[in-house]
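Below: one structure, written as structure tokens.
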Amino acid sequence: MYQELQKRFEQHLREVLAAKYNLELATIPLEIPPDLKFGELATPIAFELARKLRKAPKIIAQEIVAALAGLEGFAGFEVAGAGYINARLDRAAGARMTALGEQEHSSKGLLHAMVEHTSINPNKAAHIGHLRNAILGDTFVRLLRAAGQKVDVQNYIDNTGVQVADVVVGFLHLEGKSVAEVRQLIVDCEARAEGAVGRTAGAIDYYCWDLYARTSQWYTSGTDEENEARKKLRYETLHELERGGNETAEIAELVSTAVLRRHLETMLRLDIGYDFLPRESEILHLKFWEAAFAQLKEKGVLYYENEGKNKGCWVMTRPGSEIAEGDLNEDAKVIVRSNGTVTYVGKDIAYHLWKFGLLGKDFGYKPFFTYPDHECWISAEQGDEPHPQFGGAQAIYNVIDARQSDPQANVIQALRGMGYTDQADRYTHFSYEMVALTPRCAVELGYEVSEEDLKRPYIEVSGRKGFGVKADDLIDKLIAATRAEVDARQTGGAEAEAARPRIAEQIAIGALRYFMLKFTRNSVIAFDFKDALSFEGETGPYIQYAVVRARNIFRKAGTTPEAELAEFAKLAELDGYFHGEDAEDIWALWLRSARRTLVLEQCIATSEPAHLAKHAFQLAQEFNNFYHKHHILTEEDSARKTFLLATAAVALRELVLALSWLGIESPEAM
RNA sequence: GCGCCCGUAGCUCAGCUGGAUAGAGCGACUGGCUACGAACCAGUAGGUCGGGAGUUCGACUCUCUCCGGGCGCACCA
């Protein structure tokens with residue numbers, strides 16, 4: 001409702017400006033007034049026009065207001081302060097619109113989007129940093145879909161990288177395991193995990209977590225001579241993985257696939273799923289790079305360096321580089337090494353050409369993991385037919401942490417250089433800051449923390465060091481904590497007790513997802529169990545609790561939100577309910593409920609889900625306030641009771657919807 | 001050395017494309033459960049928005065500079 005009236009107001013303003021001053025402005029500044037006493041919509045346009053029209057802002061504002069006259073949905077316009085133009089809505093009409101709940105989003109500019117997120121190296125368990133990535137990505141997918149966009153969700157799997165190589169080195173050389181033994185270990189781990197409570201203890205990803213950390217240390221823990229040999233082993237292993245078709249690669253395949261399954265299971269606990277898992281092994285073996293290389297050379301994005309430190313390499317100019325063409329550019333980015341192998345950025349360019357359907361090659365596809373409502377496919381050299389179509393997206397979003405902004409910029413630069421400017425413009429590096437541990441949290445977990453680190457505000461998580469909080473451990477801990485709360489609060493009978501595990505899980509996931517979403521993307525999260533396990537104040541459970549309260553009202557009243565909204569629509573006279581002393585707060589709740597579409601579009605435009613998290617919290621806060629002040633079930637005036645029930649119905653509807661976009665369920669009871 | 005990000009209440013963070021008296025949560029203190037469940041509500045205290053200069057009718061927001069912190073700047077991924 002709000003956005004629709006905002007557009008109506010803007011259009012009307014344009015007409016007035018054109019008629020009165022013969023002015024056409026590119027943008028009309030609109031804002032939400034800081035207080036309802038200034039109305040519901042405002043514009044400071046008169047300040048901007050003051051210079052142009054050589055008149056005082058206040059005079060201009062008065063002239064505009066005089067010309068604004070009547071506009072459907074509005075009660076009036078007025079000048080305030082030094083020249084603000086404030087608009088007052090026809091509250092009754094606005095409420096009727098809001099009650100209907102049909103908030104049209106603009107259908108223009110809908111694109112086929114692709115979101116890549118999670119992308120954990122399949123050599124260890126997921127940790128809290130990966131959770132932030134996946135939760136941000138999954139939430140953004142939900143937002144795009146809510147806006148009507150078609151979205152493919154991808155999780156890129158680097159199964160032939162140095163991290164997988166490291167854990168393979170661990171299996172082969174630290175543990176001396178054969179292919180058969182590794183295969184057996186994975187089977188044993190899966191059997192153990194099957195029976196375990198949290199399904200995590202003894203799982204393969206946990207096993208690899210420790211082995212990876214041990215191997216990383218092993219590289220530097222010997223004599224210089226030994227370390228040299230170990231490093232050599234590392235790179236030989238890496239090259240065997242890349243080549244494929246050998247025992248080393250077989251172990252890598254076994255381990256990375258088993259760990260990947262664990263990652264999918266972990267994320268599924270948070271209701272996060274994927275459509276397609278492109279793997280680096282196929283990018284290599286299906287020769288994606290060769291196709292990209294040909295294009296890059298042809299378009300002149302890459303050139304062969306004949307001198308300087310990059311002699312013998314194919315390089316590209318970095319974005320923003322000011323070195324003239326032809327001059328020696330030692331700062332250029334190497335894409336093909338002097339030994340003929342391609343770097344990470346090179347492979348990424350090829351992959352992104354595929355994403356936009358510009359490569360002229362495609363993956364093979366095989367089904368890999370079945371979700372309740374869809375199948376997730378994985379790349380393969382020789383795939384199955386038929387298979388769904390992936391790739392060829394119009395807009396892409398890469399959820400990748402801020403440390404990788406340089407390589408991401410390189411890929412965009414390459415696309416632009418190849419003349420794919422539209423694609424480059426619709427390539428969004430959805431960057432976010434890392435999740436770190438507070439020193440206190442690190443100590444609590446039993447890690448050794450140096451004097452220097454103790455003074456820092458936060459300490460970076462490191463898979464290499466095995467330093468961090470594993471995702472499943474955190475989820476288990478949250479579920480245990482919410483279960484204890486639920487047990488302490490609920491007094492129902494056997495039926496209620498049977499529902500408790502499910503409810504505890506819903507609350508735990510709500511707490512976790514909200515925690516990861518309440519911070520804006522470029523803020524480092526200094527993780528602490530005290531904050532993450534909090535269920536009071538600005539948290540997911542607070543919002544879920546507001547939902548439960550609202551539902552309880554309808555349950556006890558023996559009615560439904562839909563029925564009450566239908567009754568509300570029949571009320572002839574509404575104005576009285578929205579004006580007067582204690583009506584302002586209720587109107588504020590309606591008004592915020594009406595802002596759904598505005599918030600959604602803002603989140604998409606800024607790639608920032610935190611705005612929706614804040615919106616949901618404020619909605620819950622205003623509802624709780626309303627709940628406290630106005631007792632509904634004992635209201636004797638039946639028309640007013642209908643009005644109050646409708647208010648609760650609208651708030652409930654918006655809360656549940658906002659939570660669903662955040663990937664948070666709304667429990668029936670808590 | 002170059003690039004990016006951050007610095008707002010004791011702590012953790014919001015603050016929409018510059019706009020009206022700078023907000024929330026936590027913590028502290030005070031009060032409220034015989035009313036739809038207190039995972040709640042009401043109130044009090046707490047701020048030179050890191051410092052300085054500039055642009056502007058107007059700056060937490062834009063520019064410059066300095067201070068403090070973080071992260072990137074590989075023929076690693």
Side-chain angles (χ1 to χ4, degrees), chain A residues 27 29-35 38 42-44 47-48 50-51 56-57 80-84 86 121 158 160-165 235 238 280 309-313 315 318 320 331 333-339 341-345 347-348 401-407 409 431 433-434 436 456-458 460 482 485-486 489-491 507 511 518-520 522-526 528 530-531 534-539 541-542 544-546 548-557 598-599 602 605-606 608 610-611 613-614 617-618 621 624-625 627-634 648 669-670:
Chain A
T27 54
L30 292 172
E31 54 183 81
I32 300 172
D35 193 295
F38 297 122
T43 177
F47 296 107
E48 244 174 70
R51 182 186 298 264
Y84 286 95
N86 294 332
N121 275 301
D158 184 5
T160 55
V162 69
Q163 290 211 27
V164 170
Y235 288 105
L238 177 61
E280 191 179 64
K309 68 170 182 141
N310 295 332
K311 186 177 177 184
C313 299
V315 302
R318 288 181 197 271
D331 184 47
K333 173 69 195 166
V334 171
I335 302 298
V336 180
R337 305 182 185 103
S338 53
N339 67 4
T341 58
V342 59
T343 60
Y344 162 73
V345 171
K347 283 180 272 191
D348 222 22
D401 79 79
R403 287 170 292 192
Q404 295 205 48
S405 57
D406 279 358
S431 101
E433 277 293 346
M434 62 181 164
R456 297 155 68 98
Y458 51 81
E460 188 177 352
T482 49
E485 282 290 316
V486 170
R489 287 161 198 279
Q490 285 200 11
T491 51
I507 298 169
K518 70 192 274 194
F519 301 94
T520 50
N522 55 9
S523 154
V524 175
I525 298 180
D528 201 305
K530 182 175 127 319
D531 300 331
S534 159
F535 309 135
E536 288 168 13
E538 196 179 345
T539 65
Y542 174 95
Q544 290 172 315
Y545 188 64
V548 168
R549 282 177 141 184
R551 284 187 172 154
N552 280 344
I553 295 171
F554 289 97
R555 190 172 297 131
K556 295 230 170 171
L598 193 69
V599 174
Q602 188 197 357
T606 56
E608 184 52 87
H611 294 139
K614 185 67 86 180
F617 172 66
Q618 288 172 333
Q621 209 173 29
N624 275 333
N625 181 298
Y627 177 94
H628 184 79
K629 270 195 198 160
H630 307 278
H631 199 262
I632 300 174
L633 296 184
T634 53
M670 285 176 73

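Predicted model, so just to flag it, every value in this text is computed and none were measured. Naming convention: chains lettered A, B, ... in sequence-line order (proteins, then strands); numbering from 1 in each chain.
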Worksheet item: Taking protein heavy atoms under 4.0 Å as touching, what does nucleotides 7-15 of chain B look like 5' to 3' if B marks base contact, S marks sugar-phosphate-only contact and - marks none?
Response: -----SSSS
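Remark: A/Tyr344 engages A/Gln404 in a side-chain hydrogen bond (donor to acceptor under 3.5 Å, both in side chains) (not counting sequence neighbours). Under the salt bridge (charged side-chain N to carboxylate O under 4.0 Å, His left out) criterion, A/Lys614 pairs with A/Glu538, not counting sequence neighbours. Not a single ring pair (Phe, Tyr, Trp, His ring centres under 6.0 Å) links A/His628 to another residue, sequence neighbours left out.
Rounded to the nearest Å, the gap between the P atom of B/C40 and that of B/G27 is 10 Å. Of the C1' atoms belonging to B/C2 and B/A14, the separation is 32 Å, rounded to the nearest Å. Taking the C1' atom of each, B/U12 and B/G46 are spaced 15 Å apart, rounded to whole Å.
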Protein-nucleic acid N or O pairs under 3.5 Å, nucleotides 71-73 of chain B:
unit_1	atom_1	unit_2	atom_2	d
B/G72	O2'	A/Asp406	OD2	3.2

Which atom pairs link the protein and nucleotides 41-43 of chain B when you take only N or O atoms and keep those under 3.5 Å?
unit_1	atom_1	unit_2	atom_2	d
B/C41	OP1	A/Tyr542	OH	2.4
B/C41	O2'	A/His628	NE2	3.4
B/A42	OP1	A/Asn625	ND2	2.8

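Nucleotides of RNA chain B nearest to A/Lys530 and A/Tyr235 differ in position, and the one nearer the 5' end is that of A/Lys530. The nearest heavy atom of RNA chain B to A/Ile32 and to A/Asn552 marks one nucleotide each, and the one closer to the 5' end goes with A/Ile32.
Contacts of A/Ile335 with the nucleic acid, taken as non-hydrogen atoms under 4.0 Å apart, are absent.
Taking only side-chain atoms of A/Lys333, from C-beta outward, the nucleotide of B/G25, B/A74, B/G37 with the closest atom is B/A74. Side chain of A/Cys313, nearest nucleotide from B/A38, B/C75, B/U21: B/C75.
Between the side chains of A/Asn624 and A/Tyr545, no donor-acceptor pair is found at a separation under 3.5 Å.
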